[in-house]
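Every number for a ligand or one of its atoms is a count from 1 in the order of the listing. Along the sequence shown, the residues carry numbers beginning at 1.
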Amino acid sequence: MNRVYNFSAGPSMLPLSVLEKAASELVCYGESGMSVMEMSHRSPDYEAIIADAEAMLRKLMEIPDNYKVLFLQGGASTQFAAVPLNLIKRTGKADYVVSGQFSGKAFKEAQKLGYDVKCIATSKEDNFTYVPVVTKDMIRPDAAYLHICFNNTIYGTKYPYIPETGEIPLVADLSSCIISEPIDVSKFGVIYAGAQKNMAPAGMTLVIVREDLLDYAEEKMPTMLEWKTMAENGSMYNTPPCYTIYMAKLVYEWILELGGLKVMQQMNQKKAALLYDYLDSQDYYKAPVQKESRSMMNVTFVTGDADLDKKFASEASKAGLKNLKGHRSVGGMRASIYNAMPYEGVEALVAFMKEFAKNNPKN
Ligand SMILES: *Cc1c(COP(=O)(O)O)cnc(C)c1O
């Protein structure tokens with residue numbers, strides 16, 4: 001069977017060469033005589049895998065030495081609780097920007113824990129079709145941190161800039177744009193991301209945290225949520241998500257071999273431009289997101305007719321273009337074009353869109 005172009009928002013496509021490499025060592029890893037899945041996480045072979053994964057990610061993202069890299073479990077959603085539990089004690093309050101569903105969930109989770117949290121900006125009233133402007137004077141001067149979601153997976157928006165927060169640590173959910181382009185890690189206090197969008201299969205959550213922010217955990221902190229404990233134990237306080245970390249390592253290696261994040265960015269820009277340029281050149285499909293907030297990873301569009309949208313997703317699927325149906329809260333279509341989506345996949349999508357528009361005229 002042929003592989004399809006999978007536009008899923010996550011779990012999503014992995015590079016073919018990575019899958020093939022993993023397959024080639026699935027049963028026997030190196031000289032170990034066993035699969036990575038069967039290995040003790042304390043074995044020398046596995047110690048090397050997790051150390052390489054971290055070293056490669058540090059190189060790829062140019063992570064400064066005063067940041068810890070953690071490979072955790074629980075998904076990005078667990079960090080919605082872990083962030084306030086690890087940081088709020090710094091001052092007792094925190095600010096949030098609600099630019100979509102995930103940042104809304106992060107905000108609600110902190111509220112649920114009973115903390116003094118404030119939503120300082122939202123684009124909810126416009127169905128999250130843009131990212132709100134955030135300036136330093138909007139943030140409470142004694143906020144323990146400002147939380148943002150950098151790329152809004154469901155709506156297809158992204159911050160066109162990194163908000164300036166001065167001394168206040170910026171905490172960002174980068175689940176759907178991590179390692180898609182170079183980013184200045186030093187502008188952030190904490191970066192976190194689920195693996196299954198752009199790094200690996202599901203099961204691992206990356207946390208990159210500045211060392212001076214490890215000292216504010218709540219007294220009654222669940223140990224598994226405490227970044228400091230995880231940092232002191234090299235992400236191995238308990239059994240880490242071993243196989244997913246191994247897969248992430250292969251993905252980091254793949255990007256390094258391509259030439260790093262600058263090259264990745266150029267490839268991603270080229271793919272996104274192909275799709276957005278087409279969307280801007282016609283009026284059969286509409287891209288609801290404001291231009292300056294457009295995501296390079298998740299591209300949303302609609303025909304304006306719910307039945308046509310449905311037909312589009314179903315016919316595209318038959319043509320080998322999978323998972324183009326938009327999120328249930330937005331409708332329409334969404335093409336997630338992460339690192340592993342080849343340029344040819346976007347070309348095939350645009351060709352299909354043209355054909356579909358021709359064959360399905362609107363009255
Ligand atoms: C997918 C996603 C999440 C949720 O991730 P889980 O790993 O399923 O908890 C959170 N934030 C963003 C931006 C996402 O894209």
Going by atom types alone, do Asp142 and Thr91 pair a side-chain donor with an acceptor below 3.5 Å? no

Is a donor on one side and an acceptor on the other found under 3.5 Å between the side chain of Ser317 and the backbone of Ala313? no

Is there side-chain contact between Lys362 and Leu308, with at least one heavy-atom pair below 4.5 Å? yes

Looking at Ser123 and Asp126, would you say the former's side chain and the latter's main chain have a donor-acceptor pair under 3.5 Å? no

With a 4.0 Å heavy-atom cut-off, what residues sit around ligand 1? Gly75, Ala76, Ser77, Phe80, Phe102, Cys149, Asn151, Thr153, Asp173, Ser175, Ser176, Gln196, Lys197

Taking only residues two or more places apart in sequence, or in another chain, which ones meet Glu54 in a salt bridge (charged side-chain N to carboxylate O under 4.0 Å, His left out)? Arg58

Test Phe312 against Phe352 for ring-ring contact (aromatic ring centres under 6.0 Å, His included), laying out the working first. CA-CA 9 Å; Phe312 181 99; Phe352 177 86; 5.2 Å; yes

